[in-house]
Amino acid sequence: MLESYTGAAILLLIATAIAVGMVVATTILGPKRQFADKMEPFECGESQLVSPYQRFSVKFYLVAVLFILFDIEAVFLFPWAILYKKLGLFGLIEMMVFLLILGVGLMYVWIRGGLDWE
Amino acid sequence: MIDDILNFLDPYWWLIIGVVKAVIIAVGLLSTVPLLVWLERRLMGRFQVRLGPNRVGPLGLGQALADAIKLLFKENIVQSSADKFLFYLAPAVVVFTAIVTFSAIPFGEPFEVGGESIGLWGANLNIGLLFIFAVSSMGIYGIVLAGLSSNNKYSLMGGLRSSAQMISYELTLGLSALCVVLMSGSLNLYDIVKSQSDMPYAIPLFPAFVLFFIAGVAETNRAPFDLPEAEQELVAGFFTEYSGMKFAMFFMGEYINMITMSALITILFLGGWNSYIGFDIPILVFAFKVFLLLCVFIWLRSTFPRIRYDRLMTFGWKILLPTSLVTMLAYSAIKVLVIDA
């Protein structure tokens, strides 16, 4: 059983080696001619006036919260999709009820304007 | 002598097979990326009635290689106010997750060598589909970290946008893949292909196929969903500050993700290596289907204009998500009440 994972495990090591190797190689191989202006963050030729770390739109936060809700729903759906034969009609109705509750939640967010970007 | 060596190696046979498989997959992926870049530039050239790269080597095939060498020897600028560690980590995460995702993709029937059955996959996992979703969504970390560590507002906004886009479309991706899981009753990608030996799922599950494809294009950040790198607004998005090979690594990740997504669509909806017309070289059938899908990806890029960010999010949450939920429910009801009744 574990043997079926060897390919994936070794590819994990190779992928690490490739990723690290490329970063190291480009760091070593490239020329290094540095001066103060070159090392500034890109800003269309001007100096950066304000820090980029400022408040950002709360919509991104909302999207993240909604994603967690619906992703957990998807996590519940996957085992059900495998076991629906055993659960049959009972499982289907249970799942419908579960999805209905989530659907009502989605409608609520929708009506309250949580999904609008302006 | 040879017998001695074989006897010595016998208990480690599984390890040797694993290493060979992993090396073949890694080398194959890394050499497909320049080819794909070349294909994209050639096709884009034809779509725009120009020649595309044709100077370096026959048909311009050497162009991608020349670019790779050039990028490797370019200066690697890390601007002074960046978070150095995260700045170096981000491209490595992107490439790492892109390569590892491919390990669960099967691309042919197993064959026999010396009494050992060798499968054409990195790993035949029972939870293959979940593994792919789990690992590929880790790629978001690379993008967020690149945006955060650059200390540049274009990068930060690009990173934020990209992560919001990817998590929004991942829901549709998961829900439409669920239809396939319902029909096949398995998360094992090999079993899913086996269950399509009569008909590819793209026909009975056509709505799910369309949803999955749209979400797949958005997940790989390809045009018309290439918002994170919207040049007019964000310079180059989350990799504005990157140069040299680290810059190219983001593209490598994107192209490998494109290959993985095409392979996944082939497996889930297009019947994998089943040819349906009696052509019996599984790996060629699979490669051909993946190639066609990659051409569709490039075709989309040269056909559609980029959509606006608010429309992208509205499309994802108000159209794709409800549609995929309803599709999923409809298929589960059909499956339980009609097919299994």
Side-chain angles (χ1 to χ4, degrees), chain A residues 3-16 18-20 22-23 25-27 29-34 36 38-44 48 51-53 56 59-60 63-64 66-67 70-71 74 77-78 81-82 84-85 88-89 91-92 95-96 99 103 106 110 115-118, chain B residues 14-15 18-19 21-23 25-26 72-77 79-81 88 91-92 95-96 99-100 103-104 122-125 130 150-154 156 160 164 167-168 171 174-175 178 181-182 185 187 235 240-241 244-246 249 309-310 313-314 317-318 325 329 332-333 335-336 340:
Chain A
E3 291 172 13
S4 67
Y5 284 85
T6 44
I10 291 160
L11 195 65
L12 210 79
L13 297 178
I14 293 178
T16 315
I18 290 170
V20 173
M22 283 175 110
V23 171
T26 182
T27 312
L29 289 173
K32 287 167 192 65
R33 287 186 289 273
Q34 307 187 338
K38 195 186 200 172
M39 292 311 177
E40 281 184 6
F42 175 83
E43 191 73 51
C44 304
Q48 206 164 35
S51 163
Y53 300 116
F56 54 83
K59 301 287 182 193
F60 289 110
V63 165
L66 284 175
F67 166 72
F70 281 93
D71 215 35
L77 285 173
F78 270 101
I82 300 291
Y84 71 90
K85 264 188 190 138
L89 194 59
L92 180 69
M95 224 52 203
M96 290 275 187
L99 286 175
L106 183 66
W110 191 328
L115 303 178
D116 295 326
W117 289 72
E118 68 278 312
Chain B
W14 55 274
L15 187 64
V19 170
K21 276 180 184 174
V23 169
I25 290 174
L72 202 55
F73 286 93
K74 281 285 176 191
E75 183 170 358
N76 165 42
I77 302 169
Q79 52 111 335
S80 47
S81 57
Y88 280 95
V95 169
F96 172 78
I99 296 176
V100 171
S103 67
N124 186 22
L125 308 180
L130 279 183
S150 294
N151 192 21
N152 178 321
K153 59 185 169 206
Y154 301 112
L156 190 64
L160 272 177
I167 58 178
S168 301
L171 297 170
L175 288 175
L178 210 63
V181 177
L182 268 171
L187 287 169
V235 192
T240 303
E241 292 290 346
M245 202 61 194
K246 293 217 296 294
M249 283 169 82
Y309 193 71
D310 59 334
M313 296 308 278
T314 311
W317 285 99
K318 289 189 178 173
L325 266 175
L329 278 177
S332 58
K335 182 74 180 166
V336 173
D340 290 348

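Computation of the quantities below employed the complete heavy-atom set of this structure, encompassing side-chain atoms and omitting hydrogens, waters and symmetry-equivalent molecules. Quick caveat, the model's predicted, so the values are computed rather than measured. Here is how names work: the chains are called A, B, and so on, in the same order as the sequence lines, proteins then strands, and each is numbered from 1.
- For A:Pro31 against B:Phe73, the heavy-atom pair with the smallest separation is CD-O, 3.2 Å.
- Taken from CG in B:Leu329 to CG in A:Leu99, the straight-line distance is 5.0 Å, to the nearest 0.5 Å.
- Options B:Leu72, B:Leu130, B:Leu325 differ in how many heavy-atom pairs under 4.5 Å they form with chain A, and the most are formed by B:Leu72.
- With a 4.5 angstrom heavy-atom cutoff, A:Leu89 touches chain B via backbone and side-chain atoms both.
- Taking all atoms of both residues into account, the shortest heavy-atom contact from B:Ala92 to A:Ala19 is O-CB, 3.5 Å.
- For A:Leu106, the part sitting under 4.5 Å from any heavy atom of chain B is the side chain, from C-beta outward, and nothing else.
- Most heavy-atom pairs under 4.5 Å with chain A: of the set B:Leu156, B:Leu171, B:Val95, this distinction falls to B:Leu171.
- Inter-residue side-chain proximity for A:Val23 and B:Met249 is flagged as met; some heavy-atom pair is nearer than 4.5 Å.
- Note that CG of B:Leu178 is 5.5 Å distant from CG of A:Leu77, once rounded to the nearest 0.5 Å.
- Separating the CD1 atom in A:Ile82 from the CG atom in B:Leu187 is a distance of 3.5 Å, to the nearest 0.5 Å.
- Using a 4.5 Å cut-off on side-chain heavy atoms (C-beta onward), A:Ile18 and B:Phe96 make no contact.
- Interatomic distance, CG of B:Leu175 versus CZ of A:Phe70, reported as 9.0 Å (0.5 Å rounding).
- The candidate from A:Leu13, A:Asp71, A:Leu29 with the greatest count of non-hydrogen atom pairs under 4.5 Å with chain B is A:Leu29.
- Both the backbone and the side chain of A:Leu66 come within contact range of chain B, judged by heavy atoms closer than 4.5 Å.
- When heavy atoms are compared at a cutoff of 4.5 Å, A:Leu92 approaches chain B solely by way of its side chain, counted from C-beta outward.
- Contact detail for B:Trp317 and A:Phe67: the closest heavy-atom pair is CH2-N, 3.9 Å.
- Looking at every heavy atom in both residues, A:Leu11 comes nearest to B:Ile99 through CD2-O, 3.6 Å.
- The two residues B:Ser168 and A:Val63 make their nearest non-hydrogen contact at OG-CG1, 3.7 Å.
- The structure places CD1 of A:Ile10 at 9.5 Å from NZ of B:Lys21, a figure rounded to the nearest 0.5 Å.
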